[in-house]
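Contents: one structure, followed by commentary.
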Amino acid sequence: MTVNAMKASEVAKKVVNNQPLFILDVRNGDAFADWKIEGRNVQYLNTPYFDLLDGVEEVVSDLPTDRDILVVCAKEGSSVMVAEMLSEEGIDVAYLEGGMKAWSEHLEPVKVGDLQGGGELYQFVRLGKGCLSYMAISEGEAAVIDATRMADIFLDFAQEKGATIKHVFDTHLHADHISGGRAIAVATGASYYLPPKDAEEVVFDYTALENGLEVAIGSSKIEIEALYSPGHTIGSTSFIVDQQYLMTGDILFIDSIGRPDLAGLADDWVGDLRESLYTRYQKLADELIVLPAHFMIIEELNEDGSVAKKLGDLFKENHGLNIADEQEFRDMVTLNLPPQPNAYQDIRKTNMGKITPDEEVQREMEIGPNRCAVR
């Protein structure tokens with residue numbers, strides 16, 4: 001039997017399209033428990049590579065015959081060896097090219113919808129990390145919001161669409177992943193916007209992203225309006241795009257809300273978080289489609305692979321928006337929080353420009369799941 005490499009993009013298509021897939025994950029049990037490829041129609045078996053060195057006979061009977069089988073490890077090497085051993089047993093399998101590192105970096109572009117005047121809005125879904133980035137395109141001009149560090153993906157996509165990137169935004173100073181915003185701005189000459197309250201320690205020039213700012217994209221005047229919404233960070237800023245979409249950054253997700261502790265100021269910022277969610281957002285139109293900067297669980301994906309829902313629906317369904325007692329809300333977002341993101345302090349320093357790790361170190365810093373939410 002042959003052993004084929006399956007690219008992260010192929011796995012992403014299977015996940016988004018709910019196609020059946022069986023994953024034999026040969027990483028250690030703690031790594032698998034912390035972070036794995038998720039999908040509604042994905043089945044798993046975790047057997048560490050070292051347990052298979054003497055042969056794969058013990059797992060053969062656990063492998064299905066009615067779906068594709070993918071062997072996964074951290075960087076690829078171990079999965080290739082296990083896949084070859086399984087092939088020798090007559091089983092048709094593939095291995096994940098580049099391992100979980102490649103899965104962490106893949107972005108799946110999904111069209112969210114059309115903008116007034118003929119523009120388009122795209123969401124870039126980072127399935128392996130839970131990050132969500134955006135590109136609004138109109139009349140040959142583009143704006144990028146909350147870009148990941150894989151800047152070339154955004155540059156290439158804009159080129160494919162015949163658009164020039166004019167504006168790059170970060171809704172806040174990210175702590176769970178390295179922003180590609182500044183790199184994109186340098187490569188294109190675009191303006192790079194950051195909330196000034198989050199940018200007090202940055203060591204590079206930026207354009208202040210302040211409440212009420214409106215930036216037009218293209219001759220159709222697609223408006224990107226800034227809405228100050230602190231809580232996840234003190235500078236967190238939301239965007240209303242084209243009077244249709246509410247980009248919430250890491251304040252509000254589909255099934256959860258943002259955590260206020262990644263700068264060590266949870267008790268100070270929890271009041272801001274409640275004010276943003278329960279007062280500022282309550283004043284907005286229910287028909288606005290919420291587009292967050294992250295998702296937490298695979299069930300937040302829609303049938304087309306996008307992560308989006310009307311604000312009015314979230315006020316009915318999201319538990320974090322329906323806690324009447326203020327102390328109960330405070331306890332939820334300050335006590336029993338999930339582990340903080342891997343290397344989040346160094347990620348913040350990188351996004352400030354204070355340190356410049358090489359590419360491999362940046363990969364290692366980002367490894368792991370989304371940990372920006374509480375629910």
Side-chain angles (χ1 to χ4, degrees), residues 107 109 112 115-124 131-174 177-230 232-251 291 293 348 350-354 356:
L107 296 176
V112 174
L115 301 175
Q116 298 173 28
E120 299 174 321
L121 181 62
Y122 291 89
Q123 183 181 68
F124 294 77
C131 302
L132 300 168
S133 307
Y134 299 89
M135 185 182 295
I137 301 174
S138 177
E139 299 288 333
E141 294 184 355
V144 179
I145 298 145
D146 286 331
T148 63
R149 64 178 170 80
M150 289 74 75
D152 286 348
I153 292 175
F154 300 93
L155 297 172
D156 292 345
F157 190 84
Q159 185 174 29
E160 289 172 13
K161 297 295 180 180
T164 300
I165 297 172
K166 294 290 188 177
H167 306 279
V168 184
F169 303 86
D170 270 320
T171 54
H172 62 288
L173 187 78
H174 296 281
H177 72 275
I178 296 166
S179 169
R182 189 158 54 103
I184 294 171
V186 170
T188 61
S191 299
Y192 177 47
Y193 298 81
L194 266 179
K197 290 187 178 181
D198 277 2
E200 292 177 352
E201 296 183 56
V202 303
V203 297
F204 50 82
D205 293 331
Y206 68 95
T207 302
L209 176 57
E210 296 176 315
N211 201 37
L213 175 73
E214 294 186 2
V215 176
I217 308 297
S219 60
S220 56
K221 303 300 180 186
I222 304 298
E223 292 182 348
I224 298 180
E225 180 181 352
L227 172 70
Y228 181 51
S229 48
H232 177 65
T233 67
I234 196 59
S236 291
T237 300
S238 305
F239 302 133
I240 297 175
V241 179
D242 203 30
Q243 300 304 308
Q244 297 183 69
Y245 303 98
L246 174 62
M247 296 190 177
T248 56
D250 283 350
I251 285 287
L291 298 173
R348 293 182 76 244
T350 302
N351 288 334
M352 293 175 188
K354 290 184 173 182
T356 309

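Every value quoted in this text rests on a predicted model; they were computed, and no experiment measured them.
Once rounded to the nearest 0.5 Å, the distance linking CG of Leu213 with CD of Glu223 reads 11.0 Å. Taking CZ from Arg149 and SG from Cys131, the interatomic distance works out to 10.0 Å, rounded to the nearest 0.5 Å. Between Met135 atom CE and Lys161 atom NZ the span is 10.0 Å, to the nearest 0.5 Å. Considering CD1 of Ile145 and CD of Gln123, their distance stands at 11.5 Å, rounded to 0.5 Å. Taking CD of Gln159 as the start and CD1 of Ile165 as the end, the distance is 10.0 Å to the nearest 0.5 Å. Taking CD of Glu141 as the reference point, atom NE2 of His167 lies at 6.5 Å (rounded to 0.5 Å).
At a cut-off of 3.5 Å, with distance as the only test, a side-chain donor of Asp146 or Thr171 sits close to an acceptor on the other residue. With 3.5 Å as the limit, one finds a donor-acceptor pair spanning the side chains of Ser229 and Ser238. For the residue pair Asp205 and Tyr192, no side-chain donor N or O sits within less than 3.5 Å of a side-chain acceptor on the partner.
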Does the pair Gln244 and Gln116 meet the rule for a side chain to side chain contact (heavy atoms under 4.5 Å, CB included), with working shown?
CA-CA 9 Å; Gln244 297 183 69; Gln116 298 173 28; 4.0 Å; yes
Side chain to side chain contact (heavy atoms under 4.5 Å, CB included) between Leu121 and Met247, intermediate numbers included
CA-CA 12 Å; Leu121 181 62; Met247 296 190 177; 3.7 Å; yes
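Put simply, the side chain of Gln243 reaches to within 4.5 Å of the side chain of Glu225, judged on heavy atoms. A 4.5 Å side-chain heavy-atom check between Val202 and Arg182 finds every atom pair outside the cut-off. A 4.5 Å side-chain heavy-atom check between Leu291 and Leu132 finds every atom pair outside the cut-off. Thr164 places none of its side-chain heavy atoms less than 4.5 Å from the side chain of Thr188. By the 4.5 Å heavy-atom criterion applied to side chains, Leu194 and Leu209 are not counted as neighbours. Side-chain contact between Val215 and Tyr193 is present, with at least one heavy-atom pair separated by less than 4.5 Å.
Each of Ile224, Ile217, Leu115 was compared with Asp242 under the side-chain contact (heavy atoms from CB on, under 4.5 Å) criterion, and only Leu115 meets it.
For Phe124 and Phe157, the distance between ring centers is under 6.0 angstrom.
The aromatic rings of His177 and His174 sit tilted relative to each other, their planes meeting at an angle between 30° and 60°.
Counting only distance, with no hydrogens or angles, the side chain of Asn211 and the backbone of Thr237 share no donor-acceptor pair below 3.5 Å. Under the 3.5 Å distance criterion, the side-chain polar atoms of Asp198 are left unmatched by any main-chain donor or acceptor of His172.
Under the ring-ring contact (aromatic ring centres under 6.0 Å, His included) criterion, Phe239 pairs with Phe169, not counting sequence neighbours.
Nearest heavy atoms, Val203 versus Gly353: CG2-O, 3.1 Å. Annotation for Ala151 and Ile184: closest pair CB-CG1, 3.7 Å, computed over non-hydrogen atoms. Between Ala147 and Gly181, the closest heavy-atom pair is CB-N, 4.1 Å.
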